[in-house]
Structure formats: structure tokens, C-alpha cells
Amino acid sequence: MKPPRRHYGLLAVVVTLIVLASLQIQFHHLKEDRLTGDRTFATTTTTDRVHWRTGAEGLPRGIVHSNSDMYLRPLWDSGANRKNKNDNHNALLAMAVGISQMQNVDIMARKFLNQNYTVMLFHYDGNVDGWHNLEWSDKAIHILARNQTKWWFAKRFLHPDVVAIYGFIFLWDEDLGVDSFDPRRYLDIMVSEGLEITQPALDPDLSADIHHRITIRNKMTKVHRRIYDNRASMNCSDGSKGPPCTGWVEGMAPVFSRAAWRCVWHLIQNDLIHGWGLDMKLGYCAQGDRAEKVGVIDSEYVVHQGIPSLGGPSLSSKTPRRSLDLRTHIRRQSSAELEKFKERWNRAVREDEEWTDPFDT
């Protein structure tokens, strides 16, 4: 018995409706894709299309928080570790450290933490747990990367936008004695003298390693910006315009203002991690005449103990053969990096036709 013809007709209608619905859906998707593509290339001059912004511009301005800091934020509101409203000189002390220098670093860190400044430790030997017994350890920022220098750490973790809240950045070695140093008095002098890049003077009687005469403490002054030396190799006089006679600090214990650090961070090369050659160019970041804006502070001075970084032995101790070989390789790489830095600087000067050397006389 054949089914009624009306069943065939009903089935045909259903199939037709399904096909039409599918075509309509496809047409709608194509239309949306086309509109989306048009919006992607829309400009601010269009009136009937959406202007799509990229990066942070895609956010409403009021939600953008471009700067950061190193203050620890507890998981609960304990009221601890909040910013001191009376602290007019927010500062950050950043050091590359090893466990063998923990006792000395302990003394240095306490000086800064007692002034409500922030301490960040770059652990180059992989040992972070060994620092937990110090009562202030949980107040410091700990970053671990084996066998890396402070310049490597600084380039990756001290971006100017991240540390913009701090008025001053101390980027120090771990082997400094600070018995005669007070961080707050030091920063007061920087501000009163209008200095942007400084270092504390070195005690010539107790320091084991002094490389440059300009770093030696002058007991008669609060600050000095130049030295006088009539030797043929130096010839530093009132007429001297640049380093190492004036406008210069050593890379061992530099202190930067916020504005100077924003420049210095860009000067640090990503792959040249020993930092050799940077000291001769820091004056370009002094926010003015380096002979005036760069100086050595005498009244707050330190002792340079002369202990090589990255776990090297003291200069006064007996050095195992393996350690001696390691220091030799590091020094060779540092020298090679110095030549690369000089080449890059000279090439950049040649290629940037719009740049004028402010110190070229």
C-alpha cells in the first residue's frame, strides 16, 4: 500500500526550509566576517565604524596602571609593609649576592631596611634558602639565576617603569663595608648638591682594592666632582671635561636618580653582562652637564673589600687553581665585551645623523 502523496509534499517542504535556513546562516556569518575585517582597518576619521586600538590603548585610560614597585603585598590586609608616608626619598638597593657574603650583606641590608627602603637580592649562586634565617629575609625581594652578574639582573628586573616609584636606585656589589655610611644622609646630599649619578667615596686606609683615584675619599670635602693629576697618563686639570678626571663614577657602587636610571637602563646592553665600558658613558645620562651632575660623596663613604663576584675568592686569600682559571676566563670575556661595547657606541654615533655629542669639544 503506497503512502499518501501529502507525506511526500510535507517532507519536501521541511527539507526546503532547512536548506534556506542554512543558506541564511552562512550569509549572516559572511556578513559578520566582512564587517569585522572592515573594523580592523577603521581609522579615527570614520564615523560609522568602530576604531580598534592595540596594546594598552585598547583599555579605558582610567584603568591603565603603567608603573609598579617592589613592595611585597600580603595575601591578607595585615597593615604591614605599607608605604611610609613620611619617606621623602624612596630608594631601592639591588645587589647580586652569594651565600658566602651573607654576613656582610646582612649589615648592608639592615642599613637600608631601617630607613624603610626596599632591598632586592639577586642570587647568583642558586642558594636562596640559606638566607631565610635572617629576620629581614621575608621583607626582601629574592631573585635567583645562577652565575649571572648584577647588570644581567638589572636589565631584566629593573625596567624603569617597574621601579618608577623609587627616587633612587642603588646598584651595588656585595663586598662593601658600610660602617661609615648612612643611606638617608647620603640621599640628602645628592638632592642638596643637585647630583643625578653618584657613588660613595672609598676609604683609602681600609679598602683592599682601589682602581681609580677619583673614588678615594677626600676628608676635607663633602662631595668632589673631579680630581687633579699631572701625570702624563692622566693629566687631570680644571680644563678636563670628562672621565676619569670628572663626570665619572665606578660601576662598583653607583647610585642613580630616577631620571638617570631611565637613561642608564637603555644604555645597558642585553648581552654584554659584565658592564665594562658603561662607566665611561654614564655621564650621558646625567640629565645635564656631567661635570656638575656626577660626583663622589665623601662624607658618607664605604670600604671596598675587593672580593670578586660570582663566588670568586678574596684577593688576599689562597686561590685554588680552578677558581683562578674561572677568574681568568671571566676577565677575558669582560675585556672582549668592552671592545664590543666600544664598537657598538662608535657605530651608533656614526649611524645616528640626528644625534649630537653634547660633550664633544
Side-chain angles (χ1 to χ4, degrees), residues 150-151 154-155 158 160 167-171 187 189-202 210-218 221-272 274-298 334-361:
K150 70 178 182 182
W151 300 107
K155 188 65 174 178
L158 298 183
F168 302 91
I169 306 296
F170 291 70
L171 189 59
L187 294 182
I189 295 172
M190 275 193 71
V191 173
S192 64
E193 292 286 332
L195 295 167
E196 298 284 339
I197 300 176
T198 65
Q199 76 159 82
L202 303 183
I210 296 179
H211 299 109
H212 303 277
R213 290 190 62 184
I214 197 173
T215 64
I216 297 176
R217 182 192 177 207
N218 185 339
T221 62
K222 182 169 61 175
V223 174
H224 69 268
R225 294 174 170 83
R226 63 170 60 245
I227 58 168
Y228 298 91
D229 193 331
N230 56 10
R231 292 178 299 172
S233 59
M234 291 288 290
N235 192 24
C236 295
S237 65
D238 283 327
S240 301
K241 302 298 183 181
C245 299
T246 186
W248 184 87
V249 297
E250 195 171 2
M252 160 204 0
V255 184
F256 306 99
S257 69
R258 180 190 295 112
W261 178 250
R262 183 166 290 277
C263 172
V264 171
W265 184 88
H266 288 87
L267 180 64
I268 301 172
Q269 306 293 288
N270 187 63
D271 58 326
L272 305 183
H274 287 286
W276 281 27
L278 284 175
D279 54 357
M280 299 298 288
K281 303 302 181 185
L282 291 177
Y284 287 91
C285 293
Q287 313 302 299
D289 186 354
R290 62 188 175 189
E292 295 295 328
K293 297 291 186 178
V294 180
V296 177
I297 296 180
D298 297 297
S334 300
S335 299
E337 289 188 2
L338 172 61
E339 295 306 314
K340 289 181 180 179
F341 181 80
K342 290 179 178 179
E343 292 173 1
R344 291 181 186 181
W345 179 272
N346 293 334
R347 182 172 63 250
V349 171
R350 290 194 306 268
E351 295 177 352
D352 190 346
E353 298 179 356
E354 298 181 357
W355 185 77
T356 302
D357 191 338
F359 306 118
D360 187 8
T361 57

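Since the structure is predicted, the reported quantities are computational estimates derived from the model, not experimental observations.
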Would you check, one step at a time, whether the test side-chain contact (heavy atoms from CB on, under 4.5 Å) holds for Trp151 with Leu272?
CA-CA 8 Å; Trp151 300 107; Leu272 305 183; over 6 Å; no
Residue pairs involving residues 277-291 (criterion salt bridge (Lys or Arg N to Asp or Glu O under 4.0 Å); sequence neighbours excluded):
none
Stepwise side-chain contact (heavy atoms from CB on, under 4.5 Å) check, Leu171 with Leu158
CA-CA 10 Å; Leu171 189 59; Leu158 298 183; 4.2 Å; yes
For Leu267, does its backbone N or O pair with a side-chain atom of Gln269 as donor and acceptor, under 3.5 Å?
yes
Could you give the distance from OG (Ser237) to OH (Tyr228), rounded to the nearest 0.5 Å?
8.0 Å
Keeping Lys222 on the side-chain end and Ile297 on the backbone end, is there a donor-acceptor pair under 3.5 Å?
no
Closest approach of Gly251 to Pro254 (non-hydrogen atoms, all atoms of both residues)
O-CD, 3.4 Å
Partner of Arg225 under side chain to side chain contact (heavy atoms under 4.5 Å, CB included), chosen from Val294, Val296, Leu195:
Leu195
Output yes when a side-chain donor or acceptor of Arg226 lies under 3.5 Å from a complementary backbone atom of Ser240, and no otherwise.
yes
Donor-acceptor pair, side chain of Gln199 and main chain of Glu250, under 3.5 angstrom
yes
Taking Arg217 for its side chain and Asp298 for its backbone only, find out whether a donor-acceptor pair lies under 3.5 Å.
yes
Do Met280 and Trp248 pass the side-chain contact (heavy atoms from CB on, under 4.5 Å) test, and can you show the C-alpha distance, the side-chain angles, and the key distance before you say yes or no?
CA-CA 7 Å; Met280 299 298 288; Trp248 184 87; 3.6 Å; yes
Verify, without hydrogens or angle tests, whether Trp345 (side chain) and Gly277 (backbone) share a donor-acceptor contact under 3.5 angstrom.
no
So how far is it from Cys245 SG to His212 NE2, rounded to the nearest 0.5 Å?
11.5 Å
Over all atoms of both residues, closest heavy-atom pair of Trp276 and Ser335:
CZ3-OG, 3.6 Å
Met190 side, atom CE; Ile197 side, atom CD1 - distance, nearest 0.5 Å:
8.5 Å
So, the side chain of Gln287 versus the backbone of Cys285: is there a donor-acceptor pair under 3.5 Å, distance only?
yes
Keeping the roles fixed (side chain from Lys241, backbone from Gly247), state whether a donor-acceptor pair exists under 3.5 Å.
no
Phe359 and Tyr284 aromatic ring geometry - parallel, tilted or perpendicular at 30°/60° bounds
perpendicular
Of all heavy-atom pairs linking Thr198 and Val249, the shortest is C-CG1, 3.8 Å
Partner residues of Arg231 under the side chain to side chain donor-acceptor pair (under 3.5 Å) criterion, sequence neighbours left out
Asp229
Would you call Val349 and Asp357 a side-chain contact if the rule is heavy atoms closer than 4.5 Å?
no
Could you walk me through whether Phe256 and Glu196 pass the side-chain contact (heavy atoms from CB on, under 4.5 Å) test, one step at a time?
CA-CA 6 Å; Phe256 306 99; Glu196 298 284 339; over 6 Å; no
Looking only at non-hydrogen atoms, find the nearest pair between Lys293 and Gly194 and report the distance.
CD-O, 3.2 Å
Distance (rounded to the nearest 0.5 Å) between Glu339 CD and Lys342 NZ:
4.5 Å
Heavy-atom closest pair (His224 atom, Ile216 atom, distance to 0.1 Å) is CE1-O, 3.4 Å
Just verifying a value: how many Å separate Met252 CE and Thr215 OG1, rounded to the nearest 0.5 Å?
6.0 Å
